[in-house]
Amino acid sequence: MSQAWFSRYAWGVLVWNILVALWGAYVRATGSGAGCGAHWPTCNGEIIPRAPQVETLIEFTHRATSGLAFLLVLLFFLFALRAFPKGHPVRFGAGLSLLFMVTESLVGASLVLFGWTAQNASAARAVVQMVHLANTYFLLAALVLTAWWASGGAPLRLRGQGAVGAALLLGLIALLFLGMSGAVTALGDLLFPVRNTLEALERSLTPGEHFLVRLRVLHPLIAVSVGLYVVFAGYLVAHLRPSSHTRRFAHALAYLYGVQLLVGLVNVWLKAPVWMQILHLLLAYAVWLLFILLSAAALVQGARRVELGEGTEAGQVHRGTGGATWKDYLALTKPRVISLLLFTTLLAMLIAAKGWPGTGLFLVVALGGYMMAGAANAINMVVDRDIDARMRRTAKRPTVTQRISSRDALLFAFGLALSAFLLLWWGANLLSATLALMGLIWYVLVYTLYLKRRTWQNIVIGGAAGAFPPLVGWAAVTGELSLFAWYLFALIFFWTPVHFWALALMIQDDYRAVGVPMLPVVLGERVTVMQIALYAVLTALISLMPLLLGELGLVYFFLSLALNALLILKSLALYRQPERRTAVSLYKYSMLYLALLFVAMAVDRVL
């Protein structure tokens with residue numbers, strides 16, 4: 001057998017196994033798992049059932065196609081031994097494929113022999129359902145890797161991959177966890193159908209309901225969280241391991257996951273019909289396989305590792321000199337930048353609770369919020385280390401001075417982000433953890449990696465990352481996002497250009513030297529001060545919206561009038577005299593303005 005023929009055969013075996021797995025999902029979704037009774041491998045005691053019912057025909061067809069899949073993978077393994085020399089990764093992949101095919105058969109048999117089919121709602125069935133899903137994922141991963149290697153893909157290098165290896169491993173674990181939660185949710189949809197989404201939500205929050213009903217509400221939030229991370233990891237890996245394959249897979253992953261989320265929403269809206277469940281699972285398999293291929297492309301031997309300076313003029317500049325202290329790692333988080341973000345997070349908790357939200361919750365959100373923002377800042381320092389080295393304001397950052405290597409900074413950032421997410425989920429709720437992760441991803445992907453070096457609108461769009469903290473605080477207290485919470489988001493969104501463009505005016509020469517297209521560099525000082533004045537007026541108008549909604553009273557009214565009057569006056573002063581002195585004055589006041597405005601809201605809500 002030629003290697004080219006084996007490559008085509010390998011991809012064909014992968015497609016067949018996907019179809020078999022989807023048919024297995026159809027068996028479960030239609031409640032046909034007991035179509036052959038408690039017999040295995042026979043069907044109702046017969047090799048070929050006579051006069052079968054529809055359920056029996058569905059189940060028997062699944063067994064027949066699964067048996068063929070087993071034979072195809074066995075031949076797959078034998079052909080690999082003949083077509084490829086000893087030590088070739090194809091042999092290893094084919095061996096893994098056969099192993100997981102054996103375990104796939106055993107798990108499928110156990111579902112039948114132990115009666116974990118049809119209307120069985122036991123915890124054991126839920127666990128085995130998750131194991132079955134995980135084993136299917138492992139089987140498909142082994143098959144796609146083998147096909148990839150057979151098509152010319154290089155062997156993997158797993159050691160020394162640092163943060164890239166950790167990011168990919170975390171993504172694989174997250175996708176696996178998402179898939180298992182989806183398997184449990186699908187089981188709940190089968191056993192405990194609902195008339196509409198509202199009923200599903202109400203039942204999931206009702207004490208005493210079956211655990212499959214109560215777990216159902218978590219899956220959409222898990223899907224959003226995992227999706228955000230997977231897309232983030234894909235683009236970050238493509239940046240750190242640049243190649244045509246990693247870029248292509250990262251883009252495809254982002255688009256496909258967006259489609260998957262949309263299909264998931266439609267699936268919930270339509271109350272999970274069988275055909276939508278099958279489509280949803282097909283997309284889940286596709287996302288999993290794309291992430292496997294992305295990992296294979298990023299971890300190949302000889303891949304360029306950007307965080308180590310490989311393939312650049314910098315040489316060994318990013319390896320670090322060692323001797324870093326806790327102060328250096330603290331500097332990675334940018335404590336001064338975080339302080340205002342954290343302040344808005346905690347004040348949003350007071351506003352939402354109309355008082356003290358509880359010491360435990362307050363401390364959890366404070367720590368988790370700091371860690372997530374710190375992780376975002378650490379990744380930003382790694383990505384921007386080239387321009388940071390040429391700007392006076394950032395020249396002493398630990399990634400520039402080489403006190404901390406880019407590899408260690410990324411590992412530190414991923415450790416912080418994961419810990420923050422788990423802490424917020426445990427101490428508050430999954431919604432607050434997901435929103436915190438969204439803020440990190442917006443800052444790193446949208447602002448740092450995409451917009452910052454491309455357009456002067458970078459801070460207008462990318463600055464939305466700084467508007468997520470109050471959403472995190474609000475969700476931690478209430479478990480939801482009301483209109484008032486989104487008002488807080490909008491307030492910071494429109495305030496950000498006023499604050500940041502004042503800073504950009506102060507250090508525009510640095511931005512011009514490194515080629516970052518901040519507004520003063522691209523369109524000049526006059527346009528910048530006009531834009532600042534415009535956004536100051538918009539910020540003032542938005543700050544009055546809660547009064548129209550009846551959410552705040554006279555205390556806030558009078559304090560906001562004074563704060564907004566001074567903000568507009570300082571913006572007009574900058575417009576009349578666009579010089580460093582007036583820019584510094586507005587920059588410093590803008591921070592005080594936002595802090596005092598949140599204090600005014602909190603005081604008014606408490607009173």
Side-chain angles (χ1 to χ4, degrees), residues 334-352 365-366 369-370 372-373 376-377 435-436 439 442-443 447 459-474 476 484-506 528-529 531-547 549 551-552 555-574 582-606:
K334 302 182 186 176
R336 293 177 62 184
V337 174
I338 290 179
S339 59
L340 186 57
L341 299 177
L342 194 59
F343 189 79
T344 60
T345 306
L346 300 178
L347 264 293
M349 295 179 70
L350 298 177
I351 295 168
V365 174
Y370 185 95
M372 191 67 81
N377 288 329
L435 289 167
W442 195 276
Y443 182 65
Y447 174 67
I459 198 59
V460 177
I461 302 170
F468 277 96
L471 296 183
V472 174
W474 190 282
F484 197 178
W486 287 110
Y487 152 76
L488 297 177
F489 178 95
L491 177 64
I492 296 181
F493 180 83
F494 284 96
W495 164 88
T496 300
V498 179
H499 169 72
F500 196 88
W501 281 335
L503 172 65
L505 283 171
M506 295 158 50
T528 302
V529 295
Q531 289 284 331
I532 288 175
L534 173 63
Y535 273 96
V537 172
L538 288 173
T539 302
L541 292 175
I542 290 171
S543 71
L544 299 177
M545 285 177 60
L547 295 167
L549 297 173
E551 295 284 356
L552 297 171
V555 173
Y556 175 76
F557 173 72
F558 289 114
L559 290 174
S560 63
L561 281 182
L563 292 170
N564 284 313
L566 191 53
L567 180 70
I568 293 174
L569 286 174
K570 286 187 173 292
S571 300
L572 292 176
L574 179 63
T582 50
V584 170
S585 177
L586 176 60
Y587 172 72
K588 291 182 177 179
Y589 175 71
S590 65
M591 292 185 286
L592 182 63
Y593 165 85
L594 189 66
L596 291 180
L597 201 65
F598 269 73
V599 169
M601 282 187 275
V603 170
D604 189 283
R605 294 274 284 189
V606 171

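Bear in mind that the values here come from a model prediction, so they are computed numbers and not experimental data. Count residues from 1 along the sequence.
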Aromatic rings Trp501 and Tyr535: how do their planes relate, parallel, tilted or perpendicular, breaks at 30° and 60°?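 Ring orientation of Trp501 relative to Tyr535: perpendicular.
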
[X] versus [Y]: any side-chain heavy-atom pair under 4.5 Å?
X      : Y      : value
Leu347 : Met601 : no
Leu594 : Phe343 : no
Leu505 : Leu586 : no
Val537 : Phe494 : no
Thr345 : Tyr370 : no

From [atom1] ([X]) to [atom2] ([Y]), nearest 0.5 Å:
X      : Y      : atom1 : atom2 : value
Arg336 : Met591 : CZ    : CE    : 8.0 Å
Leu340 : His499 : CG    : NE2   : 7.0 Å
Met545 : Tyr487 : CE    : OH    : 8.0 Å

Minimal non-hydrogen separation, [X] against [Y], with atom names:
X      : Y      : value
Ala476 : Val365 : CB-CG2, 3.6 Å
Ala464 : Phe489 : O-CE1, 3.9 Å
Gly466 : Ile492 : O-CG2, 3.5 Å
Ile568 : Ala536 : CG1-O, 4.4 Å
Met506 : Ala583 : CG-CB, 3.9 Å
Ile351 : Arg605 : O-NE, 3.0 Å

Contacts under 3.5 angstrom, residues 557-567 side chains, donor-acceptor by atom type, not counting sequence neighbours:
{"residue": "Ser560", "atom": "OG", "partner": "Tyr556", "partner atom": "O", "Å": "2.8"}
{"residue": "Ser560", "atom": "OG", "partner": "Phe557", "partner atom": "O", "Å": "2.9"}
{"residue": "Asn564", "atom": "OD1", "partner": "Tyr593", "partner atom": "OH", "Å": "2.6"}
{"residue": "Asn564", "atom": "ND2", "partner": "Ser543", "partner atom": "OG", "Å": "2.7"}
{"residue": "Asn564", "atom": "ND2", "partner": "Ser560", "partner atom": "O", "Å": "2.9"}

Set of residues satisfying ring pair (Phe, Tyr, Trp, His ring centres under 6.0 Å) with respect to Tyr443, sequence neighbours excluded: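 Tyr443: ring pair (Phe, Tyr, Trp, His ring centres under 6.0 Å) contacts with Tyr447.
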
Test applied, side-chain contact (heavy atoms from CB on, under 4.5 Å); reference residue, Leu471; option that passes from Thr344, Leu435, Leu488: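 Considering Thr344, Leu435, Leu488, a side-chain contact (heavy atoms from CB on, under 4.5 Å) with Leu471 is found only for Leu435.
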
Derivation of the side chain to side chain contact (heavy atoms under 4.5 Å, CB included) call for Met349 and Trp474: CA-CA 5 Å; Met349 295 179 70; Trp474 190 282; over 6 Å; no

Please answer whether the main-chain N or O of Ser590 pairs with a side-chain N or O of Trp495 as donor and acceptor at a distance below 3.5 Å.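 The answer is yes, because a donor-acceptor pair under 3.5 Å joins these two groups.
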
Evaluation steps, side chain to side chain contact (heavy atoms under 4.5 Å, CB included), between Leu552 and Phe484: CA-CA 10 Å; Leu552 297 171; Phe484 197 178; 4.1 Å; yes

